[in-house]
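Notes to accompany the following structure.
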2 protein chains.
Amino acid sequence: MDHDASETRNEVQAGLDAGEMVTVFGRCRVDYDGRASSELGPGDRLLVLKPDGTALVHTDEGHQPVNWQPPGCDHESRLTDGELHIHSTRTTPEETLDVYFASVAAVNRYAVTDDSELSVSGTEADLRERVLESPSLVESGFEPRATERGTAAGAVDIYGVDGDGNAVVVELKRRRVGPDAVGQLDRYVTALRRESHDGTTVRGILVAPSVTERASELLAEQGLEFVALEPPE
Amino acid sequence: MDHDASETRNEVQAGLDAGEMVTVFGRCRVDYDGRASSELGPGDRLLVLKPDGTALVHTDEGHQPVNWQPPGCDHESRLTDGELHIHSTRTTPEETLDVYFASVAAVNRYAVTDDSELSVSGTEADLRERVLESPSLVESGFEPRATERGTAAGAVDIYGVDGDGNAVVVELKRRRVGPDAVGQLDRYVTALRRESHDGTTVRGILVAPSVTERASELLAEQGLEFVALEPPE
DNA sequence: GGGTGGATGTCGCGT
DNA sequence: ACGCGACGTCCACCC
């Protein structure tokens with residue numbers, strides 16, 4: 001049995017038991033099996049184990065971890081064939097992640113306290129507030145009546161009426177949109193037209209900073225409209 | 001000037017200059033400005049700086065970094081008001097990330113070599129192979145003619161013909177699908193019907209493990225079909 | 001560089 | 001738990 005690996009394992013397990021964040025840097029291979037499955041051969045990577053049950057395997061490249069396990073998983077440290085072996089499992093869906101370290105360059109443990117909340121601005125919610133405060137940005141005479149109004153096709157971002165008494169469905173997007181957003185708006189408009197048994201006209205307006213060419217064509221085909229507007233800030 | 005902070009900064013900068021992966025654990029606050037903007041007050045977090053220009057700020061919770069910078073950014077270490085300050089920038093879009101450390105518990109540098117490729121199975125591509133090898137899984141008599149066939153509404157996953165000579169559009173999803181996938185399939189079918197000047201019938205089939213209730217209704221409304229099929233493995 | 005859609009997407013909210 | 005849609009989504013691929 002590799003004595004260093006044994007000590008390393010004890011260090012990792014102590015961190016896990018203490019509810020600390022544990023990082024392991026070393027040469028490892030990784031197996032994942034669950035919703036999909038993957039194999040990753042040997043290489044130098046950073047493993048991050050969080051006290052909430054998250055596991056992240058990061059290579060030298062990319063924002064995304066090459067392998068991971070979401071929060072709520074159980075992490076175990078083992079000695080398998082003399083190697084440090086991290087075994088992480090979850091249920092619903094059943095998923096396992098196994099990281100085998102041929103060598104470990106460093107193990108670190110961190111006691112974490114973090115009470116601060118992240119505050120973000122420039123989101124779709126901010127755009128919604130902007131429209132609700134100044135409905136004329138969408139169109140003169142537009143009057144919002146509800147947000148998240150339910151329809152058979154899902155919840156409409158802003159539901160209201162125009163100056164002529166027509167129903168208006170507003171779909172908000174914080175950034176430039178493609179065909180998917182048009183499809184979304186179309187589903188809501190179609191559902192509302194089906195639901196309005198009287199002859200009320202239902203208009204659909206996509207509110208976003210800009211649209212792609214294809215999205216613009218789709219809007220025209222469906223008789224939907226577009227208003228250019230950005231989130232505040 | 002804080003001597004420790006100065007040494008810490010030198011260590012971080014040396015790692016960045018050497019093209020190593022650098023981790024910093026400590027108490028910090030974070031400012032981000034770009035496509036959106038955010039502020040995060042003091043707390044204990046792990047900062048990961050990758051040689052490809054990625055920056056990740058991880059709290060004790062969650063799969064997602066609380067703040068980040070994607071690959072390709074320039075990282076600088078600074079001493080600002082005696083604190084270690086990491087300043088990361090990118091262009092198109094213009095974005096900045098600033099991490100200010102009130103205290104640093106540990107800095108680590110790792111020289112990384114990783115030649116292995118991740119191999120994943122159970123993806124949509126695997127499902128496509130399964131259908132192409134056994135087209136009858138979709139329907140007896142189905143004959144695939146093309147993958148990624150272009151239409152005015154985008155590329156169709158699998159295009160083919162059925163036993164009666166009708167055109168068939170197959171949209172593949174590796175997992176249970178909702179209304180968005182139906183909208184996608186509908187866009188392709190509508191586009192192809194518009195493009196087929198002869199009277200060819202165009203059928204749309206959604207191939208996925210399962211569908212939600214709402215998606216099922218939408219399929220019925222649009223006269224589209226569903227075939228239950230999972231990716232192999 | 002922009003468009004388009006996949007992803008082990010994750011995350012939060014509502015039912 | 002599942003459905004649904006947002007996300008600073010990221011990411012690969014094609015144009």
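Order of the sequence lines sets the chain letters (A, B, ...), proteins ahead of strands, with each chain counted from 1.
Nucleotides of DNA chain D with any atom under 4.0 Å from a heavy atom of chain B span, from 5' to 3', D:dG3 to D:dC11. If you walk DNA chain C from 5' to 3' and mark each nucleotide with an atom closer than 4.0 Å to a heavy atom of chain B, the marks span C:dG1 to C:dC11.
A:Lys173 and A:Gln184 are linked by a side-chain donor-acceptor pair at a separation below 3.5 angstrom, with hydrogens and angles left out of the test. Between the side chains of B:Arg45 and B:Thr59, not a single donor N or O lies within less than 3.5 Å of an accepting N or O. Of the N and O atoms on the side chains of A:Asn67 and A:Ser38, at least one donor lies less than 3.5 Å from an acceptor on the other residue. Side chains of A:Arg174 and A:Thr123: no donor on one and acceptor on the other come within 3.5 Å. No hydrogens or angles considered: nothing links the side chains of A:Thr89 and A:Thr96 as a donor-acceptor pair under 3.5 Å.
Each of A:Gly34 and A:Asp180 was assigned the nucleotide of DNA chain C with the nearest heavy atom; the assignment lying further toward the 5' end belongs to A:Asp180. Each of A:Arg175 and A:Gln184 was assigned the nucleotide of DNA chain D with the nearest heavy atom; the assignment lying further toward the 5' end belongs to A:Gln184. Between B:Tyr188 and B:Thr91, the residue whose closest nucleotide on DNA chain C is further toward the 5' end is B:Thr91. The 5' end of DNA chain D is approached more closely, in terms of each residue's nearest nucleotide, by B:Arg176 than by the other of B:Arg176 and B:Pro70.
Within residues 45-60 of chain A, no residue has any heavy atom under 4.0 Å from DNA chain D. In the region residues 212-223 of chain B, proximity to DNA chain D at under 4.0 angstrom, judged on heavy atoms, holds for B:Thr212, B:Arg214.
Looking at heavy-atom distances under 4.0 Å, A:Thr92 makes contact with sugar-phosphate atoms alone, never a base.
Crowding of A:Glu39 atom CD: a count of heavy atoms from other residues, nucleotides or ligands under 6.0 Å not exceeding 12.
Among residues two or more places apart in sequence or in another chain, the ring-ring contact (aromatic ring centres under 6.0 Å, His included) test is passed with A:His63 by B:Trp68.
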Query raised in the report: Going through the distances and angles, do A:Met21 and A:Leu49 end up as a side chain to side chain contact (heavy atoms under 4.5 Å, CB included)?
Result: CA-CA 6 Å; A:Met21 192 185 304; A:Leu49 301 173; over 6 Å; no
Query raised in the report: Between B:Arg194 and A:Glu221, is a side chain to side chain contact (heavy atoms under 4.5 Å, CB included) present by the stated rule, with each step listed?
Result: CA-CA 11 Å; B:Arg194 196 163 313 219; A:Glu221 286 175 23; 3.6 Å; yes
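Only the C1' atoms considered, C:dA7 is 16 Å distant from D:dG5, to the nearest whole Å.
Among residues at least two apart or in separate chains, there is no ring-ring contact (aromatic ring centres under 6.0 Å, His included) pair with a member in residues 207-233 of chain B.
With A:Asp162 contributing its side chain and A:Asn166 its backbone, the two residues share a donor-acceptor pair below 3.5 Å.
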